[in-house]
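Note sheet for the following structure.
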Amino acid sequence: MTALSPAHPSLQIYNTLTKRKEPFQTVEPGKVGIYLCGPTVYDKAHIGHMVGPVIFDCIKRYLVYCGYEVTWVVNITDVDDKLIAKAYERGISMLEVAEENIADYNGNLAALGVDQIDHFPRATECMDEIIAIIESLVEQGFAYESEGDVYFDVGKDAGYGKLSNRTVDAMQGEGGGTASRKRGLADFALWKSAKPEEPSWDSVWGKGRPGWHIECSAMSKKLLGETFDIHGGGLDLVFPHHENEIAQSECCHRKPMVTYWAHNGLLRASNATGKVGGRGELEEPGEGGKMSRSKGAGGLADLIASQGGERIRFFLLRTHYRSTVLFNEPAIEEAGVGMETYYRFFKRFERVTGQSIFDLEVPKTRAAGEIDAGPSGLLAEVSELRNKFLAAMDDDFNTGGAVGELFELVRKLNKYCDDHELETESKQSGKVEPFVRGATTLRELASILGVFSKPQAEGGGSSDALLGQVMQLVIDLRTEARANKNFATADAIRDGIEPLGIVLEDRTGGTEWSGGNDETLNGIMQLLIELRQTARANKDFATSDTIRDRLADSGVTLEDRPSGTEWSQG
RNA sequence: GGCGCCGUGGCCAAGUGGCUAAGGCAUCGGAUUGCAAAUCCGACAUCGGCGGUUCGAAUCCGCCCGGCGCCUCCA
């Protein structure tokens, strides 16, 4: 075994192979190679397929932050029995099935902010490498040809079973139709002979295609070398997929394939419809259980559309990657509620400093982010929270613990803002400076998790220009009412728009509004019409005219008819 | 049957030998606000049960109860 680099001073990684946390050492000093098993693209992805990509996206971000040069590979298995079956079923080519689902997969990754992948190899593009490994295994006596198929001879591999902790005797093997071609039940296919109509590649054993497993041995070797640092995947891949990968690669190369095997826990669907107030067991669960495409799980694209990718990412990151996560939409919404705290703080930051928090220059490395606390009590606390955050990440990438520290950090910053009245005082620069430094650290840590890197996508309401103008009118009317101590009217306005999904917040600099959806505009118009009606009834023609004139400025016409007032645009 | 995981406040979830058991959501008080919203402060668990090891355990060991995963395609 080649000597590994000296261990990182604090980073520990849990290794499925040794079943414990180990100090982090690399094959090459300063460099890290990561291989994550990606999807077999015979169908659309479900949320479970995103756990690996999201956590490894964070892992890469963190390793880079710690100063490593990282290469991250995620493979696409685009040749497989299921793809062939799907293509046949739909009357299209295997390639078309693959392209369609790869596009879906890429769209999902982008929505969840997974943008750190360096290589996306496809099995069909690595056929030469795949065949070369199989040939080598046959040559070395670890594999044998049988009626056009090639099988790995598990009995020849003394180390077989070490990852999944099982013995060859205890294994059932594939059995089934090809059992008669195998020497041992546990032997598995490296190459499968093709039937006339099936997609195939030429080989010394005749036309055929690779078995499942071998493509990963070939692609990881091609892009990361014979021995690399981290190999990831879902816990369900430990056996047989990864066990077989190790067998193939290590027998072929006679050296360790991977230093650390990192497996993420699986997601479980949970229909926690009635979680409020306890036992929501009225509706018999039944659909609770493992996420699986064969059980109809899917619709990730729909979920992203309704929840937003960042919420899903944040939801996944709230827990440790090795634990099982019960997943349901209310839980994602709950995570979303927590995220709002940050976005509200970001707005507050802008009110205080006049600049967007997203424009801050954020430290890119662990060393660069060190805080010189100086005399400020705030920065001493920020520094401590930062250390705790990093300690959590050092401890097998414990993003759940890290998120907790991040919440503490926003609270500290909000409190500092309160205590020093940063929003109202004549901003003494000495007070604002540490605040900005602390906020910079918040963004620095968030960037490790891959969240809060840009302004929140404004939903429906706020992006509508007309609604914005109309809301400003509503706010002005209310402000005037408040100035005149006419609180009844002021409250009527707020109470009137609350059901429309809009919340008003009175601040020192003026009133802000947020929320709204497609239905909101019409509701606001009706409210304005009522306000104008009331004003006219009270002979307050100044107000009623103001309403009509300002609406006219925005291109809205009011027409008073016997049946009531109607509005139209344009 | 074999291998393995889990059980921490109403819900989610960090913590795996020793400061007052993080944090989020929810709830209830308080400060603040004309009223709100937001923000801040405070309240809310002794860690499934029993027994053991230890000066000391949620954290280690044993048994029990209760969930779950893999052993077949699966992130």
Side-chain angles (χ1 to χ4, degrees), chain A residues 19 36-40 42-43 45-56 74 80-82 161 164-167 169-176 212 232-241 263-268 272 275-280 288-295 297 314-315 318-320 322-326 330-331 333-341 344-345 347-348 388 392 395 398-419 423 482 485-488 490-491 494-495 498 503-507 511-514:
Chain A
K19 288 155 192 70
L36 174 70
C37 280
T40 299
Y42 65 92
D43 206 346
H46 63 246
I47 186 176
H49 292 103
M50 293 295 115
V51 179
V54 167
I55 181 60
F56 275 90
V74 176
D80 159 275
D81 292 359
K82 287 191 172 178
S164 56
N165 189 28
R166 61 189 77 198
T167 59
D169 307 334
M171 273 173 257
Q172 306 295 312
E174 286 179 8
W212 185 41
L235 212 43
D236 53 347
L237 293 183
V238 173
F239 186 90
H241 188 52
H263 291 98
N264 59 266
L266 305 179
L267 237 46
R268 296 186 54 231
K275 67 177 287 182
V276 183
R279 319 302 81 146
K290 182 180 166 181
M291 301 289 302
S292 146
R293 291 193 274 209
S294 58
K295 289 182 184 170
F314 196 67
F315 168 76
R318 287 197 316 168
T319 155
H320 186 93
R322 278 191 286 115
S323 54
T324 302
V325 176
L326 256 56
E333 274 162 22
E334 185 191 304
V337 172
M339 287 176 59
E340 291 304 318
T341 298
R344 276 188 230 104
F345 172 75
K347 286 183 182 171
R348 188 175 200 186
K388 284 182 170 176
D395 183 10
N398 184 357
T399 55
V403 166
E405 304 305 334
L406 206 61
F407 271 103
E408 293 246 37
L409 182 50
V410 237
R411 197 179 71 229
K412 280 280 187 299
L413 293 171
N414 266 321
K415 181 168 169 53
Y416 182 84
C417 221
D418 283 0
D419 290 350
E423 288 192 67
R482 291 175 67 212
K485 303 274 188 234
N486 184 359
F487 295 122
D491 290 347
R494 191 174 47 213
D495 295 346
E498 194 191 306
V503 178
L504 292 183
E505 297 179 28
D506 295 325
R507 304 196 174 282
T511 300
E512 290 188 356
W513 68 279
S514 59

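Here is how names work: the chains are called A, B, and so on, in the same order as the sequence lines, proteins then strands, and each is numbered from 1. When reading the values below, keep in mind they use all heavy atoms of this one structure, side chains included, and skip hydrogens, waters and symmetry mates. Note that the structure is predicted; figures quoted are calculated from it, not measured.
Checking A14(B), C25(B), G69(B) against every side-chain atom of His320(A), the shortest atom distance belongs to A14(B). In the set A14(B), A37(B), C40(B), C40(B) carries the atom at the smallest distance from any side-chain atom of Lys415(A). The side chain of Val503(A) lies closest to A37(B) when the candidates are A37(B), A75(B), C70(B). For Ser323(A), the side-chain atoms get nearest to A14(B) when compared with the rest of G24(B), A14(B), A75(B).
Gly232(A) comes within 4.0 angstrom of nothing in the nucleic acid, heavy atoms only. Glu408(A) comes within 4.0 angstrom of sugar-phosphate atoms only, judged by non-hydrogen atoms across all strands, and of no base. The residue Asn414(A) sits close only to the backbone: its heavy atoms come under 4.0 Å of sugar-phosphate atoms, none of a base. At a threshold of 4.0 angstrom between heavy atoms, the contacts of Gly52(A) with the nucleic acid are absent. Nucleic acid contact class of Phe407(A) (heavy atoms, under 4.0 Å, all strands): sugar-phosphate only. Using a 4.0 Å heavy-atom criterion, one finds that Leu504(A) contacts the bases of the nucleic acid, with or without backbone contacts as well.
Within 3.5 Å, a donor on the side chain of Lys82(A) pairs with an acceptor on the base of C73(B), or the reverse. Within 3.5 Å, no donor on the side chain of Asp419(A) pairs with an acceptor on the base of C40(B), nor the reverse. Contact of Arg166(A) with G2(B) (side chain to base): no donor-acceptor pair of N or O atoms is detected under 3.5 Å. Contact of Glu334(A) with G24(B) (side chain to base): a donor-acceptor pair of N or O atoms is detected under 3.5 Å. Asp491(A) contributes a side-chain N or O that forms a donor-acceptor pair with the base of G34(B) under 3.5 Å. For Arg494(A) against A36(B), a side-chain N or O and a base N or O form a donor-acceptor pair under 3.5 Å.
The 5' end of RNA chain B is approached more closely, in terms of each residue's nearest nucleotide, by Lys19(A) than by the other of Val403(A) and Lys19(A). Residue whose closest nucleotide on RNA chain B sits further toward the 5' end, between Gly265(A) and Ala335(A): Ala335(A).
Here U39(B) presents its C1' atom at 16 Å from OH of Tyr416(A), a figure rounded to the nearest Å.
Salt bridge status for Asp43(A) with Lys82(A): absent, with no side-chain N to carboxylate O gap under 4.0 Å.
Side-chain N/O atoms of Ser164(A) include none lying less than 4.0 angstrom from OP1 or OP2 on C70(B). For the pair Arg411(A) and C41(B), the criterion of a side-chain N or O lying under 4.0 Å from OP1 or OP2 is met. Residue Asn165(A) places at least one side-chain N or O closer than 4.0 Å to OP1 or OP2 of G4(B).
No donor-acceptor contact under 3.5 angstrom links the side chains of Thr40(A) and Asp80(A), judged on distance only. Of the N and O atoms on the side chains of Asn264(A) and Arg322(A), not one donor lies less than 3.5 Å from an acceptor on the other residue.
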